[in-house]
Amino acid sequence: METELFVGGKWVPASSGARFDVLDPATSGVIASVADGGVEDAIAAVDAASDALPAWTATAPRVRSEILRRAFELMTSRTDDLAKLMSRENGKALVDARGELTYAAEFFRWYAEEAVRADGTVTTAPSGANRIVVIRQPVGVSVLVTPWNFPAAMATRKIGPALAAGCTVVLKPASDTPLTALAMAGVLAEAGVPAGVVNVLPSRSSGKVVSAMLRDPRVRKLSFTGSTEVGRILLAQAADHVVNTSMELGGNAPFLVFADADLDAAIEGAMIAKMRNAGEACTAANRFYVEAPIASAFAERLAARMAALRVGPGTDENTQVGPLVNEDTVDKVDRLVRSAVQEGAKTATGGTRPDGPGFYYPPTVLTDVRPESRILREEIFGPVAPIVTFTDEAEAIRLANDTEFGLVAYVYTGDLARGLRVSEGIEAGMVGLNRGLVSDPAAPFGGVKQSGIGREGGHEGMLEYLESKYIAVSW
Ligand code: NAP
C-alpha cells in the first residue's frame, strides 16, 4: 500500500513531514497513515506537471493511447486487490467496489480510443476570402479534485481525458479515501506514464493547497467533482485567475413512476438508482414520486426489497450494503430521516440508527413524505428512499423540477411518447428512461443548474481538456 505523495514520478514524504490517518468505516479504526501534502508540496507538484507538459503534449497520440490502454489492462487485472483496498477505506461493499473499478478502468480504455481522435475542422469563410482552420490543443497543467464516494472512477474520469488530450495533472483526492488514488498512480506509472505527467497529492488542507495551485499561472484548468458548496468557492477562485473549469457537483435526483410503468422493472431500477454505493452517489435517486394508483404497491414492494438487504462490513463477501463513509454522513442521514418523521412521514422499513461501532445506517423507506420536507431538498447521500405521490404528468414534472439541482432524473412509464416528453421537460443533464443506471464512460455525464458545468465521459469529456485554436489562412 502506497502512503507517500506521488510527485515527479517519485514517492515522497510531505515537506513538513506531516501525516494523517485514514479510517476504516466498518470499525472506525485507523488503517493507514498518509503523507499530508501542504502548499510547498502542491507547488512542487505543479513544477513537475509543468516540466513534463511539453514532452507529453508532443508525444504521439498513438503512444499516449497505448499507455492508457495498458493502464486499463493493469487496473482490470488488479480489480480484486484494488476493490479490497477501496472497500477498506470507503466502506462500500465489495460488489460495489468491483463495479466501480470496472467502470473506472473503462475510462482509460475509452480515452485510449479517443486520444487519436482530437480532430479539428477546415471550412471556407462565408466571404470566400480565406479558410477557417480550427485545431485542438491541450489546455495545459490541470488540477483535478475528487470526492470520496467513487475514489477510483472520479479520478480516472478526469485523468483519462486529460492524458488523452496531452495535458499533465495534479490530482488531489478526498482525504477520507487517498489510498485508492495512490494505488492508481502506481498503476499509471507501471503502464508507462512518464514522470511528472500524473502527480497525486493527498492533503488535509484541501482549501489551502487547491487555492495555491489556482493562483499559480502555470495551472490552466480545474476539474472538480464534489459538493455544490465547495464548487461555488472554487469557481470564485478560478474566476480571479480566469482558469478553465469543469464542475461536477451535487445532485437531488427525482425518480418518477407512472401508473402505466412495468412495476417489476421500476422496483429493479429503484434498487439500483437508490442503493448502488449504499446511496452515496451524486446520481442516487433522492426523491421518489409515484402516481397515486400504484403508490402503496410500489412502497410495499420497495420496502420489502430494502429490508432484505444484507448490511455489514464492506469487505465481507456477503455484504450488500456497507457502512457509510464517516460519522458526519450518518449524522446527516439520521437528522434528515428524523425531521421527515416529525413532519408526519411514516417509516415502511428502517429509520433507526444502530448502536455499536462503525458508521452504519439501515436501508430505509419513508412514505407520506411532505413535498416541502428538507429530505427532498438536500442530498441524502445514504440508503433512504422518501416517497411522495402525484396525480398527473404536469404535477410530476413540476415536482421533479422543484429543486436547485439538475444532475439526473429517472422516469418509468410504459408510454414511450410520454417518457420522451417528460425527459424533455425535466431540467437535468441526464435522464434514465426505464433505466436505473445512466453512468457510461462513452456518454456525456454532467448536470445543469447547481449540479455543475461541463461534461465528463464521451467525446465531450476530452473537449474539456482541449482549447480550439482558429487559424485564418488564404490559399
Ligand atoms: P466535498 O466536500 O465538496 O469534497 C470534494 C473534494 O473537494 C475533496 O477532495 C475535498 O477534500 C475537497 N475540498 C473540500 N473543501 C475544499 C476547499 N475549500 N477547496 C478545495 N478543495 C476542497 O464533497 P464530498 O463530500 O467529498 O463528495 C460528495 C459530494 O460530491 C456530493 O455533493 C456529490 O453529489 C458530489 N459528487 C458529484 C458527482 C458528479 O459527477 N456530479 C460525482 C460524485 C460526487 P477533503 O476530502 O480533504 O475535504
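Once rounded to the nearest 0.5 Å, the distance linking NZ of K449 with CD of E427 reads 4.0 Å. Separation of atoms CG (L234) and OG (S223) is listed at 11.0 Å; rounding is to 0.5 Å. Note that the CG atom of D368 and the OG1 atom of T347 stand 10.5 Å from one another [nearest 0.5 Å]. Here the OH atom belonging to Y412 is positioned 8.5 Å from the CD atom belonging to E268, to the nearest 0.5 angstrom.
Within a 6.0 Å sphere centred on CD of E229, other residues, nucleotides and ligands contribute 12 heavy atoms or fewer. Counting non-hydrogen atoms of other residues, nucleotides and ligands closer than 6.0 Å to CZ of R370 gives a total of 12 or fewer. Other residues, nucleotides and ligands place more than 12 heavy atoms under 6.0 Å from the CD atom of E343.
A donor-acceptor contact shorter than 3.5 Å is absent between the side chain of N401 and the backbone of R398. With hydrogens and angles disregarded, a donor-acceptor distance shorter than 3.5 Å links the side chain of T76 to the backbone of F72. Put simply, the side chain of T364 never gets that close to the backbone of V384: no donor and acceptor are under 3.5 Å apart. Under a 3.5 Å cut-off, the side chain of T329 and the backbone N or O of V325 do not form any donor-acceptor pair. Looking only at distances, no side-chain donor or acceptor of T319 sits under 3.5 Å from a matching main-chain atom of V321. Looking only at distances, a side-chain donor or acceptor of N286 sits under 3.5 Å from a matching main-chain atom of E378. No donor-acceptor distance shorter than 3.5 angstrom exists from the side chain of E291 to the backbone of F258, with no hydrogens or angles considered. Judged by distance alone, the side chain of R435 and the main-chain N or O of L437 form a donor-acceptor pair under 3.5 Å. Looking at R287, its side chain does come within 3.5 Å of a backbone N or O of L399 through a donor-acceptor pair. Between the side chain of T228 and the backbone N or O of G250, at least one donor-acceptor pair lies under 3.5 Å.
Within the 4.5 Å cutoff, no side-chain heavy atoms of K84 are placed close to those of R88. Annotation: side chain of M275 is not in contact with side chain of Q320 (no heavy-atom distance under 4.5 Å). L324 places a side-chain heavy atom less than 4.5 Å from the side chain of E280. For the pair M75 and L82, the minimum side-chain heavy-atom distance is below 4.5 Å. A heavy-atom distance below 4.5 Å is found between the side chains of D260 and R418. The shortest side-chain heavy-atom distance between F288 and K274 falls under the 4.5 Å cut-off. Side chains of T156 and M184 form a contact here, defined as non-hydrogen atoms less than 4.5 Å apart. E456 has its side chain out of reach of E464: every pair of non-hydrogen atoms, C-beta onward, lies at least 4.5 Å apart.
Across all their heavy atoms, S33 and D21 have their closest contact at CB-OD1, 4.0 Å. Closest of all the heavy-atom pairs between A14 and L5 is CA-CD1, 3.8 Å. Closest heavy-atom contact between A238 and L214: N-CD1, 4.3 Å. The shortest non-hydrogen separation linking A295 to T389 is CB-CG2, 3.1 Å. Residue L376 comes nearest to P371 through the heavy atom pair CD1-O, 3.4 Å, listed as atom of the first residue, atom of the second, then distance. Shown here for W110 and P441, the closest heavy-atom pair between the two residues is CD1-O, 3.7 Å.
By the 30° and 60° cut-offs, the orientation of the rings of Y103 relative to F107 is perpendicular. Using the six-membered ring where Trp is involved, F255 and F298 have ring planes that are tilted, between 30° and 60° apart.
Ion pair R19/D36 not flagged as a salt bridge, since none of the NZ, NE, NH1 or NH2 atoms sits closer than 4.0 Å to an Asp/Glu carboxylate oxygen. Salt-bridge formation is not detected for the pair R421/E424: no Lys NZ or Arg NE/NH1/NH2 atom is positioned less than 4.0 Å from an Asp or Glu carboxylate oxygen. Salt bridge present: D80 and R98 bring a charged side-chain N and a carboxylate O closer than 4.0 Å. Taking a cutoff of 4.0 Å between a charged side-chain nitrogen and a carboxylate oxygen, R69 and E73 qualify as a salt bridge.
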Take N199 and V169, measure what side-chain contact (heavy atoms from CB on, under 4.5 Å) needs, and give me the verdict at the end. CA-CA 6 Å; N199 305 276; V169 306; 5.9 Å; no
Could you go step by step and tell me if V198 and L163 meet the side-chain contact (heavy atoms from CB on, under 4.5 Å) rule? CA-CA 9 Å; V198 173; L163 266 52; 3.8 Å; yes
Please lay out, stage by stage, how R232 and E404 fare under the test salt bridge (charged side-chain N to carboxylate O under 4.0 Å, His left out). CA-CA 14 Å; R232 284 192 193 111; E404 59 176 348; 3.7 Å; yes
Derivation and outcome, side-chain contact (heavy atoms from CB on, under 4.5 Å), residues V388 and F390: CA-CA 7 Å; V388 178; F390 68 84; over 6 Å; no
Kindly indicate, with the supporting measurements, whether the criterion side-chain contact (heavy atoms from CB on, under 4.5 Å) is fulfilled by L144 and L222. CA-CA 6 Å; L144 316 177; L222 167 67; over 6 Å; no
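Judged purely by distance below 3.5 Å, without hydrogens or angles, the side chains of D96 and N277 never pair a donor atom with an acceptor atom. Under the 3.5 Å distance criterion, with hydrogens and angles disregarded, no donor-acceptor pair is assigned to the side chains of E89 and T177. Between K172 and S206, the side chains place a donor N or O and an acceptor N or O closer than 3.5 Å (distance only, hydrogens not considered). With 3.5 Å as the limit, one finds a donor-acceptor pair spanning the side chains of K158 and T225. Under 3.5 Å, the side chains of K221 and T245 contain no donor-acceptor pair of N or O atoms. Side-chain contact of S87 with K92: a donor-acceptor pair under 3.5 Å is absent, judged by distance alone.
Stacking of R455 on the aromatic ring of F445 is not recorded, the 6.0 Å distance cut-off and the 45° axial limit not both being met.
For F381 and W148, the ring centers are positioned less than 6.0 Å apart.
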